[in-house]
Protein chains: 2
Amino acid sequence: MDTSSYDPSAFPAFAVTVDLVVLTVRPPALEVLLLKRPEAPAKGTWALPGGFVKPDQDLVEAAEFKLADKTGVVVDRAHLEQLQTFGSPKRDPRMRIVSVAYLAMVADPMAPELGNATWTPVDDVDRKALAFDHAEILATGIERARSKLEYTTLGTSFCSPEFTIAELRSVYEAAWGTTLDAANFHRKVLATDGFVEPTGRTESSGPGRPARTYTAGDADALHPAIVRPA
Amino acid sequence: MDTSSYDPSAFPAFAVTVDLVVLTVRPPALEVLLLKRPEAPAKGTWALPGGFVKPDQDLVEAAEFKLADKTGVVVDRAHLEQLQTFGSPKRDPRMRIVSVAYLAMVADPMAPELGNATWTPVDDVDRKALAFDHAEILATGIERARSKLEYTTLGTSFCSPEFTIAELRSVYEAAWGTTLDAANFHRKVLATDGFVEPTGRTESSGPGRPARTYTAGDADALHPAIVRPA
DNA sequence: TGCAATTATGGTCACTACGACAAGAACTAT
DNA sequence: ATAGTTCTTGTCGTAGTGACCATAATTGCA
């Protein structure tokens with residue numbers, strides 16, 4: 001072992017930031033929260049929300065703070081998990097920045113535009129040329145979210161507090177860009193213990209038979225999984 | 001947005017390290033590479049291999065370097081992936097350190113002890129009281145490895161270049177701490193395209209019918225998965 | 001030499017989960 | 001009333017699984 005690497009006075013100094021991939025579902029699209037950068041570098045281009053971590057701030061706290069700041073979302077009603085850390089020496093032109101990316105999944109906030117923030121369908125992001133390596137971070141976040149829908153109950157965190165099976169299905173369809181058989185989806189969701197809990201109430205919007213409503217159950221994992229179609 | 005957070009001269013300085021969870025399988029145990037710390041802090045206790053990232057070094061490069069350093073493992077023959085980043089303000093007594101943890105899966109290196117490094121069965125680690133938050137990092141790595149065996153072909157990276165189905169099965173059994181039905185495991189592995197490729201050769205060790213040997217296939221994902229028994 | 005033990009590999013069978021689809025239930029709109 | 005829409009339940013053929021049995025091909029020992 002190299003002794004020098006443990007000399008506290010001689011370690012290389014890095015800046016540490018958090019960047020957030022905040023996803024929501026507004027049928028029929030999976031959408032991401034983007035900010036128009038108001039200053040240099042990359043002024044005027046689109047970027048993920050984020051910022052420097054304070055000296056005494058935990059990483060997750062920094063992410064929670066940024067999330068509340070940009071969306072007004074109560075953290076309790078959202079899912080937030082660490083995504084991946086990006087630390088290429090070239091990723092920021094100014095200095096060596098290591099960014100810990102977080103993935104947030106929130107229910108439709110119904111506040112489309114606030115300040116210079118905007119929800120954008122993820123399929124339209126290509127045209128927006130994101131700043132830095134944010135396109136890569138976003139791609140990682142989208143794939144993580146799509147894959148977690150398969151084997152966890154996190155789909156419910158995209159839904160209203162009280163929702164119908166059809167609303168949950170529209171989450172899967174939007175996120176995966178597919179259509180799912182309503183009858184089979186219904187059967188699978190109800191067959192999984194702890195996925196959803198019936199409220200006893202029903203809800204009617206538009207034509208068709210009114211749907212029973214449910215709340216999120218207390219299970220985290222899905223056994224068996226809801227497999228993404230090929 | 002707070003303008004001050006983008007002033008390059010006023011960002012908080014962090015130290016960034018990589019820590020490695022290096023796993024191997026030596027039937028019947030899943031084992032991890034531990035180092036006895038030769039100096040303060042936590043001198044004399046066991047810890048995961050790791051070290052500071054150099055100013056112009058990519059995170060993966062730093063991890064690859066440390067892996068080669070400690071194990072002599074050729075990186076091509078091993079699997080290395082980013083695990084999770086740990087950055088609690090309290091995790092190191094000296095200063096604010098953010099550690100990017102990596103998970104490495106290597107075939108049995110046959111070199112049990114080199115210097116102050118040692119392979120330890122993961123079930124015996126509790127008794128060794130790891131330094132800092134390394135117990136948490138290790139637990140995260142073990143769970144990641146166990147779960148990736150289910151839905152990826154990474155089990156082969158714990159095997160010799162040419163291996164038998166039984167050797168692959170012993171990997172799963174060691175990692176999961178279970179026994180698996182040999183016949184059913186055999187059927188499932190061969191039913192998955194790209195998991196293993198037959199060599200046409202056989203290998204005999206000890207009594208019993210000689211087993212055909214295989215090399216790792218080019219598939220990454222397992223469809224359907226090999227589900228861990230409850 | 002021959003037999004027992006051992007491991008590899010192949011096969012059967014009942015059960016579960018699934019996709020495709022049909023059909024009934026309960027509403028809205030005209 | 002009737003058509004259209006959506007929710008919900010049911011049916012059926014197929015694929016995957018675990019438990020288990022059978023056979024193949026070797027080693028080790030009497």
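Naming: A, B, ... by sequence-line order, numbering from 1 per chain.
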Query raised in the report: Taking only N and O in the side chain of A/His186, is any of them less than 4.0 Å away from OP1 or OP2 of D/dC7?
Result: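 So the side-chain polar atoms of A/His186 never come under 4.0 Å of the phosphate oxygens OP1 or OP2 of D/dC7.
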Report task. Kindly write out the residues that satisfy side chain to side chain donor-acceptor pair (under 3.5 Å) with B/Thr153, not counting sequence neighbours, or none if the list is empty. Result -> none
Flag for [Y]-[X]: side-chain donor and acceptor within less than 3.5 Å:
{"X": "B/Glu162", "Y": "B/Thr213", "value": "yes"}
{"X": "B/Glu173", "Y": "B/Thr178", "value": "no"}
{"X": "A/Asp220", "Y": "A/Thr152", "value": "no"}
{"X": "A/Glu136", "Y": "A/His134", "value": "no"}

Partner set under salt bridge (charged side-chain N to carboxylate O under 4.0 Å, His left out) for [X], not counting sequence neighbours:
{"X": "A/Asp124", "result": "A/Arg127"}
{"X": "B/Glu197", "result": "none"}
{"X": "A/Glu150", "result": "A/Arg228"}
{"X": "A/Glu31", "result": "A/Arg26"}

Query raised in the report: If we only count heavy atoms from C-beta on, is the B/Arg169 to B/Glu167 side-chain gap below 4.5 Å?
Result: no
Query raised in the report: Does any non-hydrogen side-chain atom of B/Leu103 lie less than 4.5 Å from one of B/Leu80?
Result: no
Query - Nucleic acid contacts - residues 223-230 of chain B versus DNA chain D, non-hydrogen atoms under 4.0 Å - result: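 When residues 223-230 of chain B is checked for heavy atoms under 4.0 Å from DNA chain D, the hits, listed by number, are B/Pro224, B/Ala225.
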Report task. Mind running a 4.0 Å heavy-atom check of residues 206-220 of chain A against DNA chain C and sending the residues that fall below it, in number order? Result ->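 Residues of residues 206-220 of chain A under 4.0 Å from DNA chain C: A/Gly206, A/Pro207, A/Gly208, A/Arg209, A/Pro210.
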**Report entry** Residue-level proximity of residues 154-169 of chain A to DNA chain C when a heavy atom falls under 4.0 Å
**Finding:** none
Can you tabulate the close N/O pairs, meaning under 3.5 Å, that link protein atoms to atoms of nucleotides 19-22 of chain D?
{"residue": "D/dA19", "atom": "N7", "partner": "B/Asn184", "partner atom": "ND2", "Å": "3.0"}
{"residue": "D/dA19", "atom": "N6", "partner": "B/Asn184", "partner atom": "OD1", "Å": "3.2"}

Report summary line: Sorted by chain and residue number, the side-chain contact (heavy atoms from CB on, under 4.5 Å) partners of A/Ala216 (sequence neighbours excluded) come out as A/Thr156
Requested in this report: Would you list the pairs meeting ring-ring contact (aromatic ring centres under 6.0 Å, His included) in which at least one residue belongs to residues 144-172 of chain B, sequence neighbours left out?
Outcome: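 Qualifying pairs: B/Tyr172-B/Trp176, B/Tyr172-B/Phe185.
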Report summary line: Taking every heavy atom of A/Val25 against every heavy atom of A/Ser170, the minimum-distance pair comes out as CG1-O, 4.3 Å
Nearest-angstrom distance from the residue atom [atom1] of [X] to [atom2] of [N]:
{"X": "A/Tyr151", "N": "C/dA17", "atom1": "OH", "atom2": "C1'", "result": "21 Å"}
{"X": "B/Leu190", "N": "C/dG11", "atom1": "CG", "atom2": "P", "result": "12 Å"}
{"X": "B/Leu180", "N": "D/dG18", "atom1": "CG", "atom2": "P", "result": "9 Å"}

So which protein nitrogen or oxygen atoms get under 3.5 Å of nucleotides 2-4 of chain C's nitrogens or oxygens?
none

